[in-house]
Amino acid sequence: MTGRLNNLSTKAKVFLGLGTMIGLAIILGAAFGNAGRNNGYQPQNEFKLDPWIKIQIGSLDLSINKAVLYLFLAAVFTIVVMVWIENRMQARPNRVQTAIEATYDLTRNNITFGNMDRNYALKWFPFCATAFFFIWFSNLLGYLPLPTNSEETFNLFGLKIPSFASYAATANISVPLMLTLIVWLTYHVEGIRKHGFRGYLATWIPAGVTGFARIPIFGIEVISHFVRIISLSVRLFANLLAGHLLILFMGGGLVVLLGIAAIGAITVPVAIIFFIFEVVLIATLQAFIFATLTAIYIGGATAAEGH
C-alpha cells in the first residue's frame with residue numbers, strides 16, 4: 001500500500017487528500033446532521049477587551065485587561081530570554097546560541113546598519129533590535145492559548161477559571177499605533193537634531209528641485225509622513241488580526257457558527273496549515289518589516305542630504 005502511494009504523482013496525492021477530506025465531511029454530515037445556525041456565537045467577542053481591574057482617571061481608561069497581560073508577558077519574555085542567553089554564551093555555541101546569533105546579526109547588520117549611517121546605527125541599534133524582538137515575541141505569544149476568555153469559564157476546585165483562548169496584543173490597533181507614534185516622533189526629533197528645524201524640512205524636497213515645483217512636492221512629502229502612521233500601524237495590526245480570525249474560523253468557529261459539524265473535516269486541516277504559516281512566517285515577517293521601516297525612517301531623517 002505504501003509503495004503504491006509513493007508511486008503516485010504529487011497532483012494525484014493532493015486530489016486523494018481532498019477526496020478523503022470531502023468523504024469524511026459527508027460521513028460526518030450524515031451522522032450528525034445540521035444543528036442549525038448558532039446566532040448566539042459572536043466570533044468578534046474573542047477580541048473584546050473586558051476590564052479585569054477597572055482603573056478610571058477622569059475620561060482616561062487605564063483598566064487592566066488581556067491586552068495589558070499579553071504586553072506584560074511579551075516585555076518580560078523579551079527581557080528574560082535575552083538575559084538568560086547572555087549569561088550562557090559559549091565559545092562553542094550550541095544550537096540555541098547559533099540561532100540567537102543569527103537573529104542578532106539580522107537586527108544589527110541587515111536591519112540597522114544596512115539602513116543608516118554607521119554612527120547613527122551604533123546609537124539606534126538597541127532601539128531597532130528591541131522593537132524587533134518585542135513585536136516578534138508579542139506576535140508569537142498571540143498563538144499560545146491562555147486562560148483569558150472571561151465570557152466562557154470552567155470550574156476548577158470551585159473557582160471559575162476563564163477558558164483558554166489565543167489573543168495577540170498586536171492584533172489590537174491601539175498597540176501598533178502607539179509603537180508607530182513612538183517611531184514617528186523619534187525619527188522626526190532625530191532629524192531636527194541633525195539638521196535643525198528648517199534644515200530638516202528642507203531635506204523633504206529632493207535636491208535639484210527649484211521654483212514653484214517645490215511647493216506641491218513639499219505638500220506631498222508632508223502627506224507621506226502622516227500616511228506612514230497609518231501604513232506602519234495598520235500593516236502590523238491587519239496581518240495579525242486576519243491571521244487570528246482565519247485560525248479562529250477554520251479551527252472551529254465556522255462549525256459552531258453554522259452548526260454543521262461535517263465541515264470540520266475540511267476546516268480543521270486548513271486551520272493547522274494557517275497556524276503553522278502564521279507562526280513560522282507572518283509573526284517573524286511583520287516584526288522584521290516594522291523594525292526595518294523604523295531603521296529606514298531614522299536613516300532617512302538623519303541622512304546628509306535630502307532624498
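Computed over heavy atoms, backbone and side chain alike; hydrogens, waters and symmetry mates excluded.
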> If you apply the rule side-chain contact (heavy atoms from CB on, under 4.5 Å), what do you find for Thr180 with Phe290, and how did you get there?
CA-CA 9 Å; Thr180 298; Phe290 192 98; 3.7 Å; yes
> Linking I/L/V/M/F/W/Y whenever any side-chain heavy atoms sit under 4.5 Å apart, do Phe275 and Ile273 land together?
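In one cluster: no.
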> What are the two closest heavy atoms between Met116 and Cys128, and how far apart are they?
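Result for this residue pair: CE-SG, 4.3 Å.
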> If you look only at distance, which donor and acceptor atoms sit under 3.5 Å apart when one is on a side chain in residues 229-245 and the other is two or more places apart or in another chain?
{"residue": "Ser231", "atom": "OG", "partner": "Val227", "partner atom": "O", "Å": "3.3"}
{"residue": "Ser231", "atom": "OG", "partner": "Arg228", "partner atom": "O", "Å": "3.3"}
{"residue": "Ser233", "atom": "OG", "partner": "Ile229", "partner atom": "O", "Å": "2.6"}
{"residue": "Ser233", "atom": "OG", "partner": "Ile230", "partner atom": "O", "Å": "3.3"}
{"residue": "Arg235", "atom": "NH1", "partner": "Ser231", "partner atom": "O", "Å": "3.4"}
{"residue": "Asn239", "atom": "ND2", "partner": "Arg235", "partner atom": "O", "Å": "2.7"}
{"residue": "His244", "atom": "ND1", "partner": "Leu240", "partner atom": "O", "Å": "3.0"}
{"residue": "His244", "atom": "NE2", "partner": "Gly142", "partner atom": "O", "Å": "2.9"}

> How far apart are the C-alpha atoms of Phe226 and Trp184, what are their side-chain angles, what is the distance that settles it, and do they pass the side-chain contact (heavy atoms from CB on, under 4.5 Å) test?
CA-CA 9 Å; Phe226 282 100; Trp184 193 81; 3.9 Å; yes
> Identify the two heavy atoms, one from Thr107 and one from Ile111, that lie closest to each other, and give their separation to 0.1 Å.
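Distance-wise, the nearest heavy atoms are O-CB, 3.5 Å.
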> Classify the ring geometry between Phe137 and Phe77 as parallel (under 30°), tilted (30 to 60°) or perpendicular (over 60°).
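Plane angle over 60°, so perpendicular.
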> Hydrophobic clustering (ILVMFWY, side-chain heavy atoms < 4.5 Å, transitive) - are Leu122 and Phe132 grouped together?
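Per the 4.5 Å side-chain linkage, Phe132 and Leu122 are not co-clustered.
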> Please tell me whether Thr284 and Trp136 have a donor and an acceptor in their side chains that are separated by less than 3.5 angstrom.
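The criterion, which ignores hydrogens and geometry beyond distance, is satisfied for Trp136 and Thr284.
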> Of the non-hydrogen atoms in Ile217 and Pro206, which two are nearest, and what is the gap between them?
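In this case the closest contact between Ile217 and Pro206 is CG2-CD, 3.6 Å.
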> Distance check, rounded to the nearest 0.5 Å: Thr302 atom OG1 versus Tyr120 atom OH?
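Rounded to the nearest 0.5 Å, the OG1-OH separation comes out at 5.5 Å.
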> Should Thr78 and Thr130 be marked as a side-chain contact (heavy atoms from CB on, under 4.5 Å) after you check the CA-CA gap, both sets of side-chain angles, and the distance that decides it?
CA-CA 8 Å; Thr78 303; Thr130 301; 5.5 Å; no
> Does one side chain, of Tyr187 or His225, offer a donor that lies under 3.5 Å from an acceptor on the other?
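Looking only at side-chain atoms, His225 and Tyr187 do form a donor-acceptor pair, the distance falling under 3.5 Å.
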> Which value, rounded to the nearest 0.5 Å, describes the distance between Ile220 atom CD1 and Trp204 atom CH2?
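The CH2 atom of Trp204 is 13.5 Å from CD1 of Ile220, to the nearest 0.5 Å.
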> According to a 4.5 Å side-chain heavy-atom criterion applied to Ile, Leu, Val, Met, Phe, Trp and Tyr, with indirect links allowed, do Ile289 and Val175 form part of one hydrophobic cluster?
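In one cluster: yes.
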> Which other residues belong to the hydrophobic cluster containing Phe212, where Ile, Leu, Val, Met, Phe, Trp and Tyr are joined when side-chain heavy atoms lie under 4.5 Å apart, directly or via other members?
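Taking Ile, Leu, Val, Met, Phe, Trp and Tyr as members, Phe212 shares its hydrophobic cluster with Ile215.
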> Nearest 0.5 Å please: distance from the CZ atom of Arg118 over to the CZ atom of Phe125.
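Atom-to-atom, Arg118:CZ and Phe125:CZ are 12.0 Å apart.
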> Do Val81 and Tyr104 sit in the same hydrophobic cluster, where Ile, Leu, Val, Met, Phe, Trp and Tyr count as joined when their side-chain heavy atoms come under 4.5 Å apart?
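No; tracing contacts between hydrophobic side chains, which count when under 4.5 Å, never links both residues.
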> Transitive ILVMFWY cluster of Val83 at side-chain heavy atoms under 4.5 Å: who else is in it?
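Direct or chained contacts put Val83 with Ile79.
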> Within the 3.5 Å criterion, strictly below it, is a donor on Tyr200 or His188 matched to an acceptor on the partner's side chain?
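Side-chain D/A pair, Tyr200 to His188: present.
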> What verdict does the side chain to side chain donor-acceptor pair (under 3.5 Å) test give for Ser63 and Asp61, after you've listed the backbone C-alpha separation in whole Å, the side-chain angles of each residue and the deciding distance to 0.1 Å?
CA-CA 6 Å; Ser63 300; Asp61 188 1; 2.6 Å; yes
> Please round to the nearest 0.5 Å and tell me the distance separating atom CG of Asn110 and atom OG1 of Thr103.
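Output value for this atom pair is 12.0 Å.
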> Check the pair Leu293 / Ile296 against side-chain contact (heavy atoms from CB on, under 4.5 Å), numbers first and verdict last.
CA-CA 5 Å; Leu293 288 175; Ile296 289 173; 4.3 Å; yes
> Is it true that a side-chain atom of Ser138 and a backbone atom of Phe134 form a donor plus acceptor pair closer than 3.5 Å?
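Side chain of Ser138 to backbone of Phe134, a donor-acceptor pair under 3.5 Å: no, none is there.
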> Less than 4.5 Å apart, side chain to side chain, heavy atoms only: is that true for Gln56 and Leu62?
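Answer no - side chains too far apart.
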> Return the minimal non-hydrogen interatomic distance between Val183 and Thr294, and the atom names on each side.
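Taking every non-hydrogen atom into account, CG2-OG1, 3.6 Å.
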> For the atom pair CD1 (Ile135) and CD (Gln286), what is the distance rounded to the nearest 0.5 Å?
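Going from the CD1 atom of Ile135 to the CD atom of Gln286 covers 9.5 Å.
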> Please find out if less than 6.0 Å separates the ring center of Tyr70 from that of Tyr167.
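Yes.
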> As an exercise, state the distance from CG of Asp117 to CH2 of Trp124, rounded to the nearest 0.5 Å.
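Atom-to-atom, Asp117:CG and Trp124:CH2 are 14.0 Å apart.
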> Are Leu146 and Tyr143 in one and the same hydrophobic cluster, where Ile, Leu, Val, Met, Phe, Trp and Tyr link if side-chain heavy atoms are under 4.5 Å apart?
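Yes: a chain of side-chain contacts under 4.5 Å links Leu146 to Tyr143.
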> Using only atom types and a distance under 3.5 Å, with no angle test, would you say the side chain of Asn109 pairs donor to acceptor with the backbone of Thr112?
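Answer holds: no.
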> Restricting to non-hydrogen atoms, name the atom on Asn139 and the atom on Ala287 that form the minimum distance, rounded to 0.1 Å.
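What the structure gives for the nearest pair is ND2-N, 4.2 Å.
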